[in-house]
Amino acid sequence: MSTVVDALIGNVFAATRENRSGELADYIPELAAVAPDSFGICIATVDGYVYEVGDTRLPFTIQSISKPFTYALALADRGSAAVAEKIDVEPSGEPFNEISLDPRTERPRNPMINAGAITAASLVAGPDLDTRFERIRATYSRYAGRDLTFNRSVYESESRTGHRNRAIGHMLRSFDIITGDPDEAVDLYFRQCSIDVTCRDLSVMAATMANNGVNPVTRETVLEPALVERVLSVMSTCGMYDAAGKWVYEVGLPAKSGVGGGIIAVLPGQIGIAVYSPRLDEHGNSVRGVEACRALSAELELHFLHVTRAARSAIRASYSVVDSPSRMRRTPAERAALDDVGKRSRIYELHGDLLFAGAESAVREIGGVETELEVVVVDVRRVDDVGGIAGRMLDSLRDELTRRGCAVALVDPAGMLGYTHSDLSGTSGRVFADLEAALQWSEDTLLDRHCAALRQPAAIDVAQHPVLAGLRPEQLRRLTRDFDIRTFARDEQIIHRGDKACGLFLILSGRVSMRVADSGGAVYRIMTLSTGMTFGEMTMLLDLRFLNDVCADSEVTVAVLPADRYADMAATEPGLKLALLERLAAGAYEQLDVMLRSLLRP
Ligand code: GLN
C-alpha cells in the first residue's frame, strides 16, 4: 500500500526525473556502459524501514561512496591519532582527483578526495592485499546488511586506465604518507570502488551511520559512535568535493557521491538517503542525485541546521507534598505538621531528552530555589534519554543539595541515571521505583526532622488507639472487652472486594493497603494505613460490601469489633456509639481531603 511518505518521495522523484542533463563518467570505460536514465531514490529509517521509488534494486559500483566507509575502518584499525598523522580533515575546494597535498602539512587534505582515500586504504590492517580487500568488502556488507559482491569488469577497466590515481599513489609514497607499495594501495582502492551496491543497499548503509553505527535492519553494531561522529564530520565538509560548501548551504546533510551515479546523505538520528542516477555534473556528482537531495531536504525539512525550536525546560511539573500528599494516611498530628513544613519538600518531574541544554535549565532551577528546601525528589520516569553530561550534572546537583543538608531521592524505575534500587543510601541519595514511595519517604523525612515526638509509636494496644481517645474510663473498659485481636502475615489478604461487612478494624501495628484492580488486572494502591488508623467502619455502619481489597503490607496486628457486638453496644449504650461515630466521621473526612489532594497530582 502506498503511504503518505511514498507519495512525498514519489513527488520528488517525478519532478526530478525530467532532468536529463549531465554525462556518464567515461574515464573508466566500463562506467559508460550503464543505462544513462536509470533513477532510484531510497530512504531508510533508523528503525529499519526502507522507502523505495524507481530503480532501487539495480546494481552499480559504489566508487567514491566507499571512501567514508574505508576511512571509518582505518580509524577503527589504527586509532584516530595515527590516522590524523597521515590525513587532514580540511575541505580542499579541489576536484576529487587532484594530484595535490597540503603544502604546509604535506598530507592529503581530507579522506574524501582520492589522495586521502588511497591513504586510508593503505591504512586498513591485514597481512596481504587479498585479506585486506576481503575485510573491506565484509565491512561494507555489514553496513548494507547483505553480502556485497565485487565487479571485476569495472575494476579491470579502472585498473587499465587509472594512471592519474597511480600518480597520486606515487606522490603519496614520495612524501612518506604511504610507506608500503603505492601500487598495492591504489589497487586496493580500485577494488573497493568496484564493489556493487544498489540504491537500497546505500540507503541502509547511510541509515547505519544515522543510527550511530548500528545497522537498523540487522541490529549489528558496525562502527562505534565516536567514529561515526568523525566520519559524518568529514562527509559534511568534504563529501561533495569542490561543491561541498553549496551542498551544506542548500541540502545541509553529511553526504558522499560516487562517479557510479550514487549519492548518500545522512540525517543523524533519523534517516539515511540514497539516490542513484548515473549522469554526472562537472564535479562528478549525480545531477539528479543532487537535485533530488535538495528537494527532499526542503520538502521533508531535513537540513541539519534547521532549528525547530529552542530547547525547552526539562521540568514538566514541580510541587510539594502539601500540593500532592502521598496516599499514606497520616495521624492528625502528622497531618498538621506536614501542612506546616511540607512546603520544604519539592518534587521535580523531568521529561524529554536530557541533553546539555535541558539539564542546564533543570539544574539551574532546582539548584537556585531560595526557600529552605529540605527534601528534593527528581522524577525521571518520563525522561526518554539522558546524555552523559546531563547525568553528570544531575549527580553534581544531588551532591550539592546533600551538602546543603537536603535529603535527595530519584524516582527512576528504569535506572536511566545508572543507579539501581540497591544503591539505596549514600551520597547519591535514594532511588525509588515509583512516585508514591518517594512521596511517603519525603513526608517521613520531614516528619522525622520536625515532629518526631508527635509521631505514632510503631505498636500500641487497643486502649491506646487514637479512635478511642477521650472516651471515659468505663466506656473504654466496656468497649475494649468486645475487640478480638488478630494478626496477619505480610502480603496476606485481610479483606476481598465484595466481602460483606465484618466489623471495625483498628490497626495496632504494621501497615495495610487498600487496593483495587482495573479491568486489565493491574493493581493500584489507593491508600496505605498504619498504626493508629481504622478500616471497615463504613461498610459496617452502612451494612455494605467492601469496594476494595485490604492487604497486609507488613506483619499486621489489628483489633476487630465484630458487627454483631457493635450492634449490641449501639443498642445498650447510645452515648458510647455517638462518641465513636464522631471520631470515625472525623477520620473519614480527613481521609477524603488527602484523596482529593492526591487527585491533583500532575
Ligand atoms: N574510482 C573513482 C576514481 O578514483 C572514484 C571517483 C569518484 O567516485 N568520485 O576516479
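In listed order, ligands and their atoms are each counted from 1.
Between the side chains of Ser194 and Glu158, no donor N or O sits under 3.5 Å from an acceptor N or O.
Environment of CZ in Arg230: sparse, with no more than 12 heavy atoms of neighbouring residues, nucleotides or ligands closer than 6.0 Å.
By the ring-ring contact (aromatic ring centres under 6.0 Å, His included) test, Tyr348 is found to be paired with no residue, residues two or more places apart in sequence or in another chain being considered.
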For ligand 1, output the ligand-protein N/O contacts shorter than 3.5 angstrom; if there are none, return none.
from	atom 1	to	atom 2	distance (Å)
ligand 1	1 (N)	Gln63	OE1	2.7
ligand 1	1 (N)	Glu158	OE1	3.1
ligand 1	1 (N)	Glu158	OE2	2.8
ligand 1	4 (O)	Asn114	ND2	3.0
ligand 1	4 (O)	Asn165	ND2	3.0
ligand 1	4 (O)	Tyr189	OH	2.7
ligand 1	8 (O)	Ser64	N	3.0
ligand 1	8 (O)	Ser64	OG	2.6
ligand 1	8 (O)	Val259	N	2.8
ligand 1	9 (N)	Ser64	OG	2.8
ligand 1	9 (N)	Tyr241	OH	3.0
ligand 1	10 (O)	Tyr27	OH	2.5

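What you find for Asn110 and Met112 is that their closest heavy atoms are OD1-N, 2.8 Å.
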_Audit row: Gln192, Ser66, side-chain hydrogen bond (donor to acceptor under 3.5 Å, both in side chains) steps and yes/no_ = CA-CA 7 Å; Gln192 76 175 41; Ser66 63; 3.0 Å; yes
*asked:* Apply side-chain hydrogen bond (donor to acceptor under 3.5 Å, both in side chains) to residues Ser396 and Asp399 and explain how you reach the verdict.
replied: CA-CA 5 Å; Ser396 304; Asp399 291 346; 5.6 Å; no
